[in-house]
Q: 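A single structure is presented below for examination.
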Amino acid sequence: MPRPHGFSYVRHADGTVVITHHGRPAGTLRAARAERFLSEVESGDAQLVMARWTGAYKHGNERAARQHPRNHRRT
């Protein structure tokens with residue numbers, strides 16, 4: 001599974017944190033959630049933390065879904 005990339009975040013003066021993925025907004029965190037996110041992103045792998053908080057990460061079942069009969073093209 002490839003490592004997540006392309007995430008960044010901006011911390012605003014009012015305590016709001018906006019997470020973006022390749023320049024597009026992926027999530028907004030406020031109050032206690034924003035503080036919890038900031039402490040977690042500073043202590044771990046920032047890209048992985050942002051991917052997990054936004055839900056934009058692979059679950060590991062993509063290959064199995066691609067091989068499922070309903071997803072095969074009929075010719």
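The analysis underlying the following values was restricted to heavy atoms, covering all of them including side chains, and did not include hydrogens, waters or symmetry mates. Just so it is clear, the model here is predicted, and its values are computed rather than measured.
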Q: Throw together a table of side-chain donor-acceptor distances under 3.5 angstrom for residues 31-40, partners on residues two or more places apart or in other chains.
A:
| residue | atom | partner | partner atom | Å |
| --- | --- | --- | --- | --- |
| Ser39 | OG | Arg36 | O | 2.9 |
| Glu40 | OE1 | Trp53 | NE1 | 3.4 |
| Glu40 | OE2 | Arg52 | NH1 | 3.2 |
| Glu40 | OE2 | Arg52 | NH2 | 2.0 |

Q: Taking C-beta and beyond as the side chain, do Thr28 and Thr16 meet within less than 4.5 Å on heavy atoms?
A: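 Sidechains of Thr16 and Thr28: in contact.
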
Q: If you look at every heavy atom in His5 and His21, which pair is closest and at what distance?
A: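 That closest heavy-atom pairing would be O-NE2, 3.2 Å.
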
Q: Checking side-chain contact (heavy atoms from CB on, under 4.5 Å) against Tyr9, which of Leu29, Val17, Thr54 comes through?
A: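 Output: one option passes, namely Val17.
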
Q: Could you measure the distance from the CD atom of Gln47 to the OG atom of Ser8? Nearest 0.5 Å is fine.
A: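 Between Gln47 CD and Ser8 OG, I get 8.0 Å after rounding to 0.5 Å.
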
